[in-house]
Amino acid sequence: MAASAAAGGRVRTLQYLLAAVFFVLGGWCVVSPGTMLALCIRPAFRSDLPIVTLLAQAFGAQALIAGLFAAFSTFTARTFLAYGLALIPFFVFDAWFYVVRPMLTPVGLLDAVGNVIMLAVCWMGWRAARRG
């Protein structure tokens, strides 16, 4: 029983870590979209159109909602597995827009760093949830 409770506590902690990535990066997009765009998008691809700022904030708001789901849902091993698998296209996105169509700056690769962190958390959560 104690091992199950410990595994449950670890799962909850890992969910909060997963949510934290969404909250930090999504929050940045909502609170300071101009700074995010200036630091993460190469000058040749920047735009002063108001729609760009709005879209950056909407993107951030969606990330904040994902963070809320991650923080307040009941995760199982399958949930962590699904989150981890769902991250794969985001690695393709980051690689494409950094290497093939270089729109992202090195700071823009913070998204990839966040994805690596979330993938590691999903792996640890999957293992912990299977034990619990």
Side-chain angles (χ1 to χ4, degrees):
M1 183 86 154
S4 179
R10 179 157 171 78
V11 165
R12 178 61 69 195
T13 298
L14 291 167
Q15 283 182 238
Y16 292 150
L17 287 172
L18 190 66
V21 175
F22 285 112
F23 290 149
V24 169
L25 295 177
W28 183 21
C29 292
V30 170
V31 173
S32 189
T35 302
M36 182 279 296
L37 291 165
L39 293 174
C40 297
I41 305 298
R42 294 182 189 271
F45 296 98
R46 290 186 198 143
S47 170
D48 291 332
L49 292 175
I51 189 70
V52 175
T53 301
L54 176 66
L55 291 173
Q57 288 177 305
F59 178 77
Q62 290 294 316
L64 293 175
I65 290 171
L68 288 172
F69 278 112
F72 295 105
S73 297
T74 301
F75 273 35
T76 65
R78 284 179 31 175
T79 312
F80 281 110
L81 177 63
Y83 251 83
L85 291 174
L87 287 169
I88 293 169
F90 292 92
F91 288 104
V92 174
F93 170 91
D94 290 328
W96 181 269
F97 288 108
Y98 188 75
V99 177
V100 178
R101 180 86 166 131
M103 295 175 73
L104 296 175
T105 67
V107 175
L109 289 180
L110 281 173
D111 184 64
V113 171
N115 292 334
V116 167
I117 292 168
M118 290 192 294
L119 188 61
V121 167
C122 286
W123 179 76
M124 290 183 286
W126 175 77
R127 290 184 63 213
R130 285 184 46 214
R131 291 187 192 126

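Side-chain atoms are counted along with the backbone in the values below, which use heavy atoms only and exclude waters and symmetry mates. Sequential numbering from 1 along the given sequence is applied to the chain's residues.
- Considering every non-hydrogen atom in both V107 and L39, the closest pair reads CB-O, 3.3 Å.
- For CZ of R78, the number of neighbouring non-hydrogen atoms (other residues, nucleotides, ligands) closer than 6.0 Å is 12 at most.
- The line from OH of Y83 to CG of L119 is 13.5 Å long, rounded to the nearest 0.5 Å.
- L104 places none of its side-chain heavy atoms less than 4.5 Å from the side chain of F45.
- With rounding to the nearest 0.5 angstrom, the CZ atom of R127 is 13.0 Å from the CZ atom of F80.
- One hydrophobic cluster, built from ILVMFWY side chains closer than 4.5 Å, holds both I117 and L110.
- Residues Q57 and C29 come closest through the heavy atom pair CG-O, 3.5 Å.
- One hydrophobic cluster, built from ILVMFWY side chains closer than 4.5 Å, holds both F97 and L55.
- Residue R46 comes nearest to A38 through the heavy atom pair NH2-O, 2.6 Å, listed as atom of the first residue, atom of the second, then distance.
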Next on the checklist: If you apply the rule side chain to side chain contact (heavy atoms under 4.5 Å, CB included), what do you find for F75 with L18, and how did you get there?
Outcome noted: CA-CA 11 Å; F75 273 35; L18 190 66; 3.7 Å; yes
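- With hydrophobic clusters built from ILVMFWY side chains whose heavy atoms lie under 4.5 angstrom apart, F93 shares a cluster with V52.
- F23 and V121 sit in two unconnected hydrophobic clusters of ILVMFWY residues. Membership requires side-chain heavy atoms under 4.5 Å apart, directly or through other members.
- Judged by distance alone, with hydrogens and angles left aside, the side-chain atoms of S32 form no donor-acceptor pair with the main-chain N or O of W28 at under 3.5 Å.
- T76 pairs by the side-chain hydrogen bond (donor to acceptor under 3.5 Å, both in side chains) definition with T79, not counting sequence neighbours.
- Hydrophobic clustering of Ile, Leu, Val, Met, Phe, Trp and Tyr side chains at less than 4.5 Å, counting indirect connections, keeps V24 apart from L109.
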Got a list of side-chain donor-acceptor pairs under 3.5 Å for residues 59-74, not counting sequence neighbours?
| residue | atom | partner | partner atom | Å |
| --- | --- | --- | --- | --- |
| S73 | OG | F69 | O | 2.7 |

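- N115 pairs by the side-chain hydrogen bond (donor to acceptor under 3.5 Å, both in side chains) definition with D94, D111, not counting sequence neighbours.
- L87 CG to M118 CE: the interatomic distance, rounded to the nearest 0.5 Å, is 5.0 Å.
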